[in-house]
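Comments concern the structure below.
The shown structure was predicted, so the numbers you read here are calculated from the model rather than taken from an experiment. Order of appearance sets the numbers: ligands from 1, and atoms from 1 within every ligand.
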Amino acid sequence: KIIIMKVALITGISGQDGSYLAELLLDKGYKVHGIKRRASSLNTQRIDHLYQDPHHPNQRLKLHYGDLSDAMNLTRIIQETQPDEIYNLGAMSHVKVSFDTPEYVGNVDGLGTLRILEAVRILGLEKKTRIYQASTSELYGGIPENKNESGFYDEFSPFYPRSPYGVAKIYGFWITKNYREAYNMFACNGILFNHESPRRGETFVTRKITRAVSKIALGLQDKFYLGNLDAQRDWGHAKDYVRMMWMILQADQPEDWVIATGVTTKVREFVRLAFGEVGIELEFKGDGVEEKAYIKVCNHKDYQLEIGKEVLSVDPTYFRPTEVDLLIGDPSKAKKKLGWVPEHDLKFLVKDMMESDLRLMKKDVILLKAGHKILKQAE
Ligand code: NAP
Ligand code: G4F
């Protein structure tokens, strides 16, 4: 009996989503190819556990050097791997950083999507290869009047991006839709709202919080700084969202899909929840840039911090030139048509991230005791 193994190609395989998606596809029996960038230091920590012996005959994960700014390289990799499914997750994905590197972001996040689509077309793979494009809730820009009647952003809500990242991603969204319509390609956008995990990049707000709270609880750091505490995000767990990426490419028709939890939470509340995981209750005082958080109650036997200690201040460095104030999505279409049900809620997410970062930071306590210097705070 011949078993036909599906082949997937993932750009951005070394990122948060790429690593969970690679795990999922390998579990499903896929051969997985991933594109990684050449860097002066190792950048595959999130997938190293999947890639222990590249010489093993049963190794179903293969990494290729490449970059979304290099059309020849992408075309060659697609030609060599002949994928059934391409997941275009590669991107400079930090909204604040995109204000500092707008041309680069336009090239990689916008034109990079075109390069993938065009390579598939040039190689005559339009019928064979299905394409998932990592679109984003940043496309909506949080404009209040663009929400639907129930107060959510859905597949019909107008876009109004508020950063070079959002503007580049809107090109990726439309070029994907255009290639679907123009060349009958199975190319889909997942409009994903924020999703986090213990593997989230250290400079996104949730991970910055769980890392800092863990360090403060363990006595490795006194306080930390954030930007806009009033921003609201619809935060889900990355594991639920990569499952949906795969479901999108198994659907009968190529379409665009909103993936979200339907619940929105302020950054300040995320801070409270993270401290709650180490038995600490906070008191917030002051307004705007003067706002600070202090320890009000501390009742965990392992984490004893002084009542009244200042643990958080606002630093305007982290404000964005244009902010997306509030995001909340309606995933009804994905639930109804594809049967997607998220398995994790915000409470679980915070717990998962805190447990992981506490484990990680405890290693720093051991290093500190051995006389090593400790990592600087992530920005
Ligand atoms: P991430 O952790 O920042 O990972 C991004 C990946 O893209 C990394 O593997 C990175 O490689 C790679 N990359 C960056 N520049 C590249 C380039 N020039 N050429 C090729 N690869 C490049 O992002 P994520 O959270 O997993 O998100 C995955 C995708 O979904 C991104 O496109 C993001 O914009 C989008 N998205 C994310 C969310 C979210 O909340 N997480 C929501 C909506 C949409 P290195 O490891 O070498 O840096
Ligand atoms: O965690 P963030 O940096 O994520 P942001 O900007 O929402 O973007 C993420 O989600 C998008 C989906 O909507 C993705 F497309 C994108 O790739 C990325 O994954 O910031 C969340 C909020 C913002 O309003 C920000 O102003 O938190 C606020 N914030 C407050 N203090 C901070 C900080 N954000 C960061 N990164 N660092 C702070 O100190």
Side-chain angles (χ1 to χ4, degrees), residues 10-21 34-39 41-47 65-70 73-74 87-98 101 104-105 107-109 111-113 115-116 132-142 153 161-163 165-166 168-169 172 189-197 199-209 212 224-238 241-242 245 259-260 266-268 270-271 312 314-320 322-327 329 377-379:
I10 305 176
T11 73
I13 194 167
S14 57
Q16 170 189 257
D17 292 3
S19 67
Y20 284 120
L21 181 66
I35 297 182
K36 69 166 177 177
R37 299 192 290 172
R38 148 77 191 148
S41 13
L42 295 176
N43 59 356
T44 53
Q45 295 88 333
R46 292 185 179 105
I47 48 170
Y65 282 111
D67 198 293
L68 281 159
S69 61
D70 182 341
N73 155 270
L74 295 171
Y87 296 86
N88 184 31
L89 311 186
M92 200 308 283
S93 72
H94 201 285
V95 173
K96 171 76 160 58
V97 175
S98 78
T101 59
Y104 175 75
V105 171
N107 190 9
V108 169
D109 298 16
L111 287 178
T113 311
R115 293 184 184 105
I116 298 276
Y132 172 88
Q133 167 58 15
S135 286
T136 163
S137 48
E138 278 290 306
L139 300 181
Y140 299 117
Y153 296 101
R162 301 260 294 159
S163 63
Y165 169 81
K169 282 282 186 180
N189 287 288
I191 308 171
L192 270 54
F193 283 64
N194 299 50
H195 45 280
E196 322 292 311
S197 73
R199 294 187 199 166
R200 183 58 145 154
E202 289 84 350
T203 60
F204 295 98
V205 77
T206 55
R207 187 76 200 287
K208 184 171 165 183
I209 294 167
F224 71 119
Y225 298 84
L226 291 175
N228 180 5
L229 300 178
D230 286 311
Q232 289 177 253
R233 288 293 181 273
D234 180 330
W235 279 301
H237 198 296
Y241 288 51
V242 300
M245 292 176 189
I259 312 300
K266 287 197 176 182
V267 169
R268 187 184 296 100
F270 195 102
V271 174
L312 169 66
V314 171
D315 180 347
T317 312
Y318 301 115
F319 292 165
R320 292 153 189 210
T322 38
E323 173 66 295
V324 173
D325 294 318
L326 187 157
L327 289 173
Q377 185 203 346
E379 299 224 324

Review point. So is Arg200 close enough to ligand 1, meaning a heavy atom under 4.0 angstrom away?
Key: yes
Check your understanding: At the 4.0 Å heavy-atom cut-off, does Ile35 count as touching ligand 1?
Key -> no
Check your understanding: Please state which protein non-hydrogen atom is closest to atom 20 (C) of ligand 1 and give its distance, to 0.1 Å?
Key -> Leu68 N, 3.5 Å
Exercise for review: Tell me, please, which residues at least two apart from Ser14 pass side-chain contact (heavy atoms from CB on, under 4.5 Å).
Suggested key: none
Check your understanding: Who's closest to atom 38 (C) of ligand 1 heavy-atom-wise, of His195, Glu196, Arg199?
Key -> His195
Review point. Taking N or O atoms only and a 3.5 Å limit, does Ala134 qualify as a polar contact for ligand 1?
Key: no
Check your understanding: Is the side chain of His94 donor-acceptor paired with the backbone N or O of Thr203 at a distance under 3.5 Å, no angle test?
Key -> yes
Check your understanding: In chain order, what residues pass the salt bridge (charged side-chain N to carboxylate O under 4.0 Å, His left out) check against Arg200, with sequence neighbours excluded?
Key -> Glu196
Practice item. Between Thr11, Ile47, Leu139, Asp17, flag the one that comes closest to atom 27 (O) of ligand 1 by a heavy atom. Key: Asp17
Practice item. Have a look at Ser163, Ala134, Gly227 and point out the one with the heavy atom closest to atom 31 (N) of ligand 2. Key: Gly227
**Study point:** Contact atoms of ligand 1, heavy-atom distance to Asn194 under 4.0 Å
**Key:** 40 (O)
Check your understanding: Just wondering, do Lys208 and Tyr318 contact through their side chains at under 4.5 Å, heavy atoms?
Key -> yes
Point to revise | Closest protein heavy atom to atom 43 (C) of ligand 1, given as residue, atom name and distance to 0.1 Å | key: Leu192 O, 3.1 Å
Exercise for review: From the options Ile10, Asp70, Val108, Leu89, select the one whose nearest heavy atom is closest to atom 29 (C) of ligand 1.
Suggested key: Leu89
Exercise for review: Return yes when Tyr165 approaches ligand 1 closer than 4.0 angstrom through a heavy atom, no otherwise.
Suggested key: yes
Check your understanding: Any idea which atoms of ligand 2 are less than 4.0 Å away from a heavy-atom of Ser137?
Key -> 12 (C), 13 (O)
Check your understanding: Which ligand 2 atoms does Glu323 reach within 4.0 Å, using its non-hydrogen atoms?
Key -> 23 (C), 24 (O), 25 (C), 26 (O)
Revision key, fill the gap. Ligand 2 atoms nearer than 4.0 angstrom to some heavy atom of Thr203 are 35 (C), 36 (N)
Practice item. Record the part of Val267 in heavy-atom contact with ligand 2 below 4.0 Å; permitted values are side chain, backbone, both and neither. Key: side chain
Study note, to complete from the structure: Of all heavy-atom pairs linking Ser135 and Asn189, the shortest is OG-OD1, 2.7 Å
Check your understanding: N/O to N/O below 3.5 Å, does that happen between Asn88 and ligand 1?
Key -> no
**Study point:** Heavy-atom gap Phe319 to ligand 2 smaller than 4.0 Å
**Key:** no
Check your understanding: For ligand 1, does Tyr132 get within less than 4.0 Å through its side chain, its backbone, both, or neither, judged by non-hydrogen atoms?
Key -> neither
Review point. Between Ser137 and ligand 1, which part of the residue brings a heavy atom under 4.0 Å of the ligand: side chain, backbone, both or neither?
Key: neither
Revision key, fill the gap. Restricting to heavy atoms, the pick from Gly18, Ala91, Gly12, Gly236 nearest atom 13 (N) of ligand 1 would be Ala91
Check your understanding: Which protein non-hydrogen atom lies closest to atom 11 (O) of ligand 1, naming both residue and atom, and how far is it?
Key -> Ser14 OG, 3.4 Å
Study note, to complete from the structure: ligand 2 to Ala231, heavy atom cutoff 4.0 Å, flagged ligand atoms 24 (O)
Practice item. Answer yes or no on whether Arg37 is positioned over the face of Tyr65, meaning its NZ or CZ is under 6.0 Å from the six-membered ring centre and within 45° of the axis. Key: no
Point to revise | Worked verdict on Gln133 versus Lys169 for side chain to side chain contact (heavy atoms under 4.5 Å, CB included) | key: CA-CA 10 Å; Gln133 167 58 15; Lys169 282 282 186 180; 4.2 Å; yes
Practice item. Can you see which heavy atom on Ile116 is nearest to which on Thr11, and at what distance? Key: CD1-CG2, 3.9 Å
Review point. Which atoms of ligand 2 are found less than 4.0 Å from any heavy atom of Leu327?
Key: 13 (O)
**Study point:** 4.0 Å heavy-atom contact, Lys169 with ligand 2
**Key:** no
Review point. Relative to each other, are the rings of Tyr132 and Tyr87 parallel, tilted or perpendicular (30° and 60° limits)?
Key: tilted
Practice item. For Ser69 and Val108, work out which heavy atoms get closest and say how close. Key: CB-CG2, 4.4 Å
Review point. Does Ser135 have a non-hydrogen atom less than 4.0 Å from ligand 1?
Key: yes
Exercise for review: Before signing off on this row, confirm whether Asn43 and ligand 1 have an N or O atom pair separated by under 3.5 Å.
Suggested key: yes
Check your understanding: In terms of side-chain geometry, is the basic nitrogen of Asp230 or Lys266 positioned less than 4.0 Å from the acidic oxygen of its partner?
Key -> yes
Check your understanding: Taking all atoms of both residues into account, what is the closest heavy-atom pair of Ser19 and Arg46, and its distance?
Key -> CB-O, 3.5 Å
Practice item. Give yes or no for whether the N/O distance cutoff of 3.5 Å, strictly under, is met between Asp67 and ligand 1. Key: yes
**Study point:** Heavy-atom nearest neighbour in the protein, as seen from atom 2 (O) of ligand 1, with distance rounded to 0.1 Å
**Key:** Gln16 N, 3.0 Å
Review point. Is the closest heavy atom of Lys96 to ligand 2 under 4.0 Å?
Key: no
Practice item. Between Thr136, Asp109, Val205, flag the one that comes closest to atom 21 (C) of ligand 2 by a heavy atom. Key: Val205
Revision key, fill the gap. Of Gly15, Ser93, Ala238, the one whose closest heavy atom lies nearest atom 23 (O) of ligand 1 is Ser93
Point to revise | Atoms in ligand 2 flagged as close to Val95, the criterion being non-hydrogen separation under 4.0 Å | key: 6 (O), 8 (O)
Check your understanding: What heavy-atom pair brings Val324 and Glu138 nearest, and what distance separates the two atoms?
Key -> CG2-OE1, 3.6 Å
Revision key, fill the gap. Ligand 2 atoms nearer than 4.0 angstrom to some heavy atom of Ser93 are 16 (C), 17 (O), 18 (C)
Practice item. Determine whether the side chain, the backbone, both or neither of Asp315 has a heavy atom under 4.0 Å from any heavy atom of ligand 2. Key: neither
Review point. Which of the atoms of ligand 2 are close to His94, meaning less than 4.0 Å from one of its heavy atoms?
Key: 36 (N)
Check your understanding: Taking heavy atoms and a distance under 4.0 Å, where does Tyr318 meet ligand 2: side chain, backbone, both or neither?
Key -> side chain
Check your understanding: Taking atom 17 (C) of ligand 1 as the point of reference, which of Arg37, Glu138, Arg115 owns the nearest heavy atom?
Key -> Arg37
Check your understanding: Does the N or O separation between Lys169 and ligand 1 drop below 3.5 Å for any pair?
Key -> yes
Review point. In ligand 1, which numbered atoms sit nearer than 4.0 Å to a non-hydrogen atom of Thr136?
Key: 43 (C), 44 (C)
Check your understanding: Would you say Thr206 and ligand 2 have an N/O pair spaced under 3.5 Å apart?
Key -> no
Exercise for review: Identify which of Glu138, Arg320, Arg200 has a heavy atom lying nearest to atom 19 (O) of ligand 2.
Suggested key: Arg200
Check your understanding: With a 4.0 Å cut-off on heavy atoms, is Arg162 touching ligand 2?
Key -> no
